[in-house]
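Take a look at the structure set out below.
No experiment lies behind these values; they were computed from the predicted model shown.
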Protein chains: 2
Amino acid sequence: MRYLTKENCQTCKLKCDIFFTAREMGIEAELAPEHVVYKKHELICRQNAEVTHAIILIEGNAKMYIDGMNNKNIILNILLPSNYIGLLSIYGSTTYAYNVAALNECRTCHADINLLKKLYYENHNFLLKLNSAFGNSVNNIMQKLISLNQKQIRGKVAESLLYLAQLYDANTFELTITRKELGELSAISEENAVRVLTEFKNEGIIGLEGKEISLKMPDLLKKISAFG
Amino acid sequence: MRYLTKENCQTCKLKCDIFFTAREMGIEAELAPEHVVYKKHELICRQNAEVTHAIILIEGNAKMYIDGMNNKNIILNILLPSNYIGLLSIYGSTTYAYNVAALNECRTCHADINLLKKLYYENHNFLLKLNSAFGNSVNNIMQKLISLNQKQIRGKVAESLLYLAQLYDANTFELTITRKELGELSAISEENAVRVLTEFKNEGIIGLEGKEISLKMPDLLKKISAFG
DNA sequence: GCGCAACATTGATGCACAACAACTTTTTTC
DNA sequence: GAAAAAAGTTGTTGTGCATCAATGTTGCGC
C-alpha cells in the first residue's frame, strides 16, 4: 500500500463521481482526496473496521468477500474500476460488513466519509444515484442467496462463469481469480471447482488455455445454471 | 384480501412514517392511502411483480421470502408492524425481488409509489431515514448468507430461534411460523427442523408447549449458533 | 536459475443432510 | 361435527459434497 501525491492521480478526476459532485457544489477544495495504490492480495478494507472513507476503485480488480467460519470465505462480488468499495456499508452501520482485497494492483481514491455525507445530505441527485447503485447490489446478493443454497456444484460454477463473462462483457476473458477463489465465489470447495471446470472442458462447454477461459456454449451454461 | 374504507384505519396514522412526512410537507391530501386487510397465507406482494405502491405493515406478521428452485423457498425475514414491505425493492429495480405473505391476518397501508418518490426526492430527512432501514436490511441478508452456507443444521436452527427471540423481544414467544417455515427460515428441510427442535427440547435448551417456545439456555444457543 | 511457496489436479473416503415413506395429530372447511 | 387438508413426527436410505491425501505445476524472490 502506497500513498500517491495528488499530482499523480489524473484518472480519478475522470471517473470519480464524488469529484464531479463536489465541483458542482463548489466545495471541491474540501475534497482533498487521497489516492492509494494497493498491491495484489492487500486488504483495501476489513470487515468490522470503521468506515472512515468513501473509497472508489480507479484501476484494477478487487474481490468483496465475507469471512465465513473455519477460514472459509464467500466472495460476493468482483469490483471493477469506478465501482464504490464498501457501498453497501455506507448507510446503516458504521463498520464494514465485509472485506475487500486487491486481485491485482489497484488504485483507489479515498474521500473523507464526512464529506461524502455532506454531499448526500445536501445534494439530492447524488444521493439518488448512490441509492440506485445500492439497490442493484441488493438484488445481486439476493440472487446469490438462492444460488448458493439451492444449486449444486455444476449450477454454481456455471453461474459464476456467466457472472464473470457479464462482468467483463466478453465470452472469452482472463480469469483473474484462482481456482480457490472461484470456489469461494461459488461457495464450493477448491477441489470441486477444479473438477467441474475440467468436466465443462471435456464436454466442450468451455475452453481453457492457461488463464484464459472461453464460454463456447453459453446457452447450455445458462441452462445448467438455471436448473441447478 | 379486502379493502377498507379510509375511516376504518386509525392505527395507520399513528405508525406510518409516510403519513407523518406528507403532513409535514403539507401534501397530506395527495396521500389518499389505501388500507388493505390480508388473510393468513395471502400474498401481499409477488416476486417479479411491478412495485406500484409503498406498503407499510400496520398489523400482523408477514414473511419475506424468495422462490427458490423446486418449490423450495428461503425466508429472509419476518416483518412486524410498522416495517416497510418491499423496502429493499424501492430503489434499484422496478420489480420486487421477493414475495411477502401474511402469516396471520395483516393490515397494510398502501401509498402510491410516485408519492413516495416525491417524498424522498423532496424531503431529505425522509430519504435518510429510509436509507438507514435499508442498510440494516442489507446487513441482515449478509449475515444470512454466511449462516446458511456454513453452519450445520443445529447452528442454523439455533440462529433462527435467536432471531425470533430478538424479533419479539422475549425469550418466550408464540411461534407464528410452522415447522416447514422454520425450515425455510433456516434453509434446511422440514424434517430436520423438527428433529433439531426435539433434540434441543430433550437437551433442556428450549421448552416446547404447543405453539409456545421458550429459550431456556439462550447462552448455549448462542454458542451453538456461533460454532455452527 | 535455484528453491520455496502458492496454485492446480485427481482419486478415495466419510458424513451430514435431503428425500422418501408411513404415520399421527391438529386445523380448516362446509 | 364429519371429512379433508394441513401440519407435525420418526425412522430409513441414498448421495452430493467436503475433506483428506498425494502429487504435479507454475510463479516468484533473491
Side-chain angles (χ1 to χ4, degrees), chain A residues 39-42 63 68-75 101-105 147-158 160 174-202 206 208-213 224 227-228, chain B residues 39-42 63 68-75 101-105 147-158 160 174-202 206 208-213 224 227-228:
Chain A
K39 278 185 295 194
K40 190 172 173 174
H41 293 158
E42 272 187 309
K63 60 176 174 179
M69 342 191 57
N70 19 311
N71 290 327
K72 290 182 37 178
N73 301 324
I74 304 175
I75 297 180
L103 287 172
N104 43 36
E105 182 155 304
S147 149
L148 299 199
N149 250 287
Q150 311 198 330
K151 292 182 184 175
Q152 37 199 76
I153 52 172
R154 285 170 64 91
K156 288 178 180 177
V157 173
S160 291
E174 193 95 340
L175 190 67
T176 48
I177 57 176
T178 66
R179 309 303 155 111
K180 182 159 191 270
E181 285 166 334
L182 180 63
E184 289 174 349
L185 183 63
S186 316
I188 62 174
S189 69
E190 179 184 3
E191 292 91 329
N192 278 328
V194 171
R195 255 182 277 267
V196 173
L197 275 186
T198 48
E199 270 177 44
F200 283 172
K201 192 180 72 177
N202 292 339
I206 61 169
L208 278 176
E209 304 245 356
K211 285 256 158 239
E212 197 162 289
I213 276 195
I224 295 174
F227 293 103
Chain B
K39 278 185 295 193
K40 191 173 174 174
H41 292 159
E42 274 188 307
K63 60 176 174 180
M69 345 192 54
N70 19 311
N71 290 326
K72 289 183 35 177
N73 301 323
I74 303 176
I75 296 180
L103 287 172
N104 43 35
E105 182 155 305
S147 151
L148 299 199
N149 250 288
Q150 309 198 331
K151 292 182 184 175
Q152 36 198 79
I153 53 171
R154 285 171 63 91
K156 288 178 180 177
V157 173
S160 291
E174 193 95 340
L175 191 66
T176 48
I177 57 177
T178 66
R179 309 302 157 108
K180 182 159 191 267
E181 285 166 334
L182 180 64
E184 289 175 351
L185 183 63
S186 316
I188 62 175
S189 69
E190 179 185 3
E191 293 92 328
N192 278 328
V194 171
R195 252 183 279 267
V196 173
L197 275 187
T198 48
E199 270 177 44
F200 283 172
K201 190 179 73 174
N202 293 338
I206 62 170
L208 278 177
E209 304 245 356
K211 284 257 158 238
E212 196 161 290
I213 277 195
I224 295 173
F227 292 103

Just how far is it from atom CG of Leu182(B) to atom CG of Asn192(B), taken to the nearest 0.5 Å?
11.5 Å
Please check: side-chain N/O of Glu181(B) versus main-chain N/O of Thr178(B), any donor-acceptor pairing under 3.5 Å?
yes
Residues which pass side-chain contact (heavy atoms from CB on, under 4.5 Å) with Glu174(B), listed by chain and number, not counting sequence neighbours:
Lys211(B), Glu212(B)
I need the CG-P distance between Leu182(A) and dA6(C), as an integer number of Å.
20 Å
Find out whether Arg179(B) and Leu197(B) are in side-chain contact, i.e. whether some heavy atom of one side chain is under 4.5 Å from a heavy atom of the other.
yes
Residues at least two apart in sequence or cross-chain that pass side-chain contact (heavy atoms from CB on, under 4.5 Å) with Ala158(A), listed by chain then number, are Phe200(A), Leu221(A), Ile224(A), Ser225(A)
Across all chains, not counting sequence neighbours, the side-chain contact (heavy atoms from CB on, under 4.5 Å) partners of Lys156(B) are Lys151(B), Ser186(B), Ile188(B)
I want to check one thing: is the phosphate of dG8(D), taken as OP1 and OP2, less than 4.0 Å away from some side-chain N or O of Lys211(B)?
yes
Report for the helix from dG1(C)-dC30(D) to dC30(C)-dG1(D): angle between first-end and last-end helix axes, five pairs each, rounded to 10 degrees.
70°
Using nucleotides 28-30 of chain C, report all nitrogen or oxygen pairs with the protein that are shorter than 3.5 Å.
none

5' to 3', nucleotides 9-24 of chain C under a 4.0 Å protein heavy-atom cut-off (B base, S sugar-phosphate only, - none) gives SBBB---SSBBB----
In whole angstrom, what separates Lys180(B)'s NZ from dA5(D)'s P?
17 Å
